[in-house]
Amino acid sequence: MAQTSTIEWTDVTWNPVAGCLVITPGCTNCYAMRMAARLEAMGVAKYEGLTRKSGKRYVWTGKVRLDEASLEAPLKWRKPRKVFVNSMSDLFHPDVPADFVAKVWSVMDRTPQHTYQILTKRPERMREVIISMGLPALEHVWLGTSVEDAAVLSRLDDLRATPAIVRFVSFEPLIGSVAGANLDDIHWAIVGGESGPRARPMKEEWVDEIRRNCLAAGTAFFFKQWGGKNKKAAGRTYRGKTWDELPLTTVG
């Protein structure tokens, strides 16, 4: 029910929901769409009908699937780990019922040995659901939003308005300058270029802008990758070093 992850800032992924929808340019080349199509081709029922062919690529259909069977998987993990929640979806997709989100919260509340990382492109719904359902702010549950360019900087305001002990932003794929990003009360920033066959380039000056904003706000800075068609070749060294800062002492 969990997959060991190659993502540099987490240990495993946990997907009680699958499927999503392209809503902004940052979604255009989403790796999860390609992965979902591949899993469907392999006969994994969970991903059936979640993508469709569009030209030479696969895109989300907008359909989501709740996976009740995977909900309690973290209860069986004895070793503490960092858990990326819904790498193949968005927990706050409008078609994910608030009651189901509450079930996910209950499991996380019962497993404080793990650190959960929830990343959404819909922080306005995250705020709404958490407040309306009275979901507690948990120290081991980090809430984050994706910001790919200046057009969606308002997501940071929605994140700030969400009850949380640890808040983070993923500037990935970074496809434009976010020099105006206000990182006050944002505890962690992940920066990464887009990867894959249609990867759009990331400029070093955009990374510099984020780094300066992190220093000004006291935000931990994590540089994930330069990206590109061959992300391994491009590496993850920025200004002569690797940057793996975290917002606080974590498991793992």
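Note that these values count all heavy atoms, side chains included, but never hydrogens, waters or copies made by symmetry.
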Linking I/L/V/M/F/W/Y whenever any side-chain heavy atoms sit under 4.5 Å apart, do [X] and [Y] land together?
X	Y	result
W77	V85	yes
F100	V141	yes
V169	I175	no
L183	L215	no
L50	V17	no

Partners meeting salt bridge (Lys or Arg N to Asp or Glu O under 4.0 Å) with E172 (sequence neighbours left out):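 In terms of salt bridge (Lys or Arg N to Asp or Glu O under 4.0 Å), with neighbours along the sequence ignored, E172 is linked to K224.
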Residue list, salt bridge (Lys or Arg N to Asp or Glu O under 4.0 Å) with D184, at least two apart or on another chain: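 Partners of D184 by the salt bridge (Lys or Arg N to Asp or Glu O under 4.0 Å) criterion come out as none, since no residue qualifies.
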With ring pair (Phe, Tyr, Trp, His ring centres under 6.0 Å) as the rule and sequence neighbours excluded, what pairs involving residues 32-64 come up?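 As it turns out, there is no ring pair (Phe, Tyr, Trp, His ring centres under 6.0 Å) pair with a partner in residues 32-64 once direct neighbours are skipped.
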Given side-chain contact (heavy atoms from CB on, under 4.5 Å), test L91 with T120 step by step and report yes or no. CA-CA 7 Å; L91 185 61; T120 182; over 6 Å; no
Could you state the interatomic distance from [atom1] ([X]) to [atom2] ([Y]), rounded to the nearest 0.5 Å?
X	Y	atom1	atom2	value
D208	E204	CG	CD	5.5 Å
L159	I186	CG	CD1	4.0 Å
W14	L71	CH2	CG	6.0 Å
I130	R125	CD1	CZ	11.0 Å
W9	I190	CH2	CD1	5.0 Å
I118	W105	CD1	CH2	4.0 Å

Give a yes or no answer on whether the side chain of [X] reaches the backbone of [Y] with a donor-acceptor pair at less than 3.5 Å.
X	Y	answer
R110	P74	no
D90	K121	yes
T10	F84	yes
T219	H187	no
E72	V107	no
N29	R198	yes

Provide the closest heavy-atom pair for [X] versus [Y] in the form atom of the first, atom of the second, distance.
X	Y	result
L66	P97	CD1-CD, 3.8 Å
C20	H93	CA-CD2, 4.1 Å
R34	P197	CZ-CD, 4.3 Å
K79	R81	O-NE, 3.3 Å
C214	A220	SG-O, 4.3 Å
V59	M33	CA-SD, 3.4 Å

Between D67 and N15, does the side-chain contact (heavy atoms from CB on, under 4.5 Å) criterion hold? Intermediate values first, please. CA-CA 8 Å; D67 185 5; N15 284 288; over 6 Å; no
Applying side-chain hydrogen bond (donor to acceptor under 3.5 Å, both in side chains), which residue pairs with at least one partner in residues 146-171 are found, sequence neighbours left out?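 Every pair satisfying side-chain hydrogen bond (donor to acceptor under 3.5 Å, both in side chains) with a residue in residues 146-171: T24-E148, T24-R155, R127-D158, E148-R155, D157-R160.
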Pairs flagged by side-chain hydrogen bond (donor to acceptor under 3.5 Å, both in side chains) wherever residues 128-140 is involved - sequence neighbours left out: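 For residues 128-140, and leaving out neighbouring residues, there are no side-chain hydrogen bond (donor to acceptor under 3.5 Å, both in side chains) pairs at all.
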Taking C-beta and beyond as the side chain, do E124 and F92 meet within less than 4.5 Å on heavy atoms?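 They are not in side-chain contact.
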Side-chain contact test, heavy atoms from C-beta onward, threshold under 4.5 Å: evaluate it for L138 versus Y116 and give yes or no.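 Counting from C-beta outward, L138 and Y116 never come under 4.5 Å.
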Verdict with reasoning, W226 to V207, per side-chain contact (heavy atoms from CB on, under 4.5 Å): CA-CA 10 Å; W226 287 106; V207 183; 4.1 Å; yes
Ring-face cation of K241 near W243 (centre distance under 6.0 Å, axis angle within 45°):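 Here K241 passes the 6.0 Å and 45° test against W243.
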Between V101 and V96, is a side-chain contact (heavy atoms from CB on, under 4.5 Å) present by the stated rule, with each step listed? CA-CA 7 Å; V101 174; V96 177; 4.0 Å; yes
If the condition is ring pair (Phe, Tyr, Trp, His ring centres under 6.0 Å), which residues does F171 pass it with, not counting sequence neighbours?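 For F171 there are no ring pair (Phe, Tyr, Trp, His ring centres under 6.0 Å) partners, ignoring immediate neighbours.
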Partners of R236 by side chain to side chain donor-acceptor pair (under 3.5 Å), sequence neighbours excluded?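 Side chain to side chain donor-acceptor pair (under 3.5 Å) list for R236, sorted by chain: D244.
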Under the rule for side chain to side chain contact (heavy atoms under 4.5 Å, CB included), what residues qualify as partners of P94, not counting sequence neighbours?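 P94: side chain to side chain contact (heavy atoms under 4.5 Å, CB included) contacts with R122.
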Please enumerate all residues that pass side chain to side chain contact (heavy atoms under 4.5 Å, CB included) together with M35, with sequence neighbours excluded.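 M35 satisfies side chain to side chain contact (heavy atoms under 4.5 Å, CB included) with R38, L39, M88 once adjacent residues are dropped.
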Name the orientation class of the two ring planes belonging to F168 and W188 (parallel below 30°, tilted from 30 to 60°, perpendicular beyond 60°).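 Tilted, since the angle between the ring planes falls between 30° and 60°.
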Hydrophobic cluster of I23, others only, ordered by chain and residue number, side-chain cut-off 4.5 Å: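 L21, listed by chain and number.
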Show every salt bridge (charged side-chain N to carboxylate O under 4.0 Å, His left out) that has at least one partner inside residues 51-63, sequence neighbours left out.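 Listed once each, the pairs would be none.
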Which residue pairs pass the salt bridge (charged side-chain N to carboxylate O under 4.0 Å, His left out) test with at least one member in residues 186-197, sequence neighbours excluded?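 Qualifying pairs: E194-R200.
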Does the pair R65/E48 count as a salt bridge with the N-to-O cut at 4.0 Å?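 Here R65 does not pair with E48 in a salt bridge, since their nearest N and O are not under 4.0 Å apart.
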Residue among F221, F222, W206 satisfying ring pair (Phe, Tyr, Trp, His ring centres under 6.0 Å) with Y238: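 Going through the options one by one, the only one that passes is F221.
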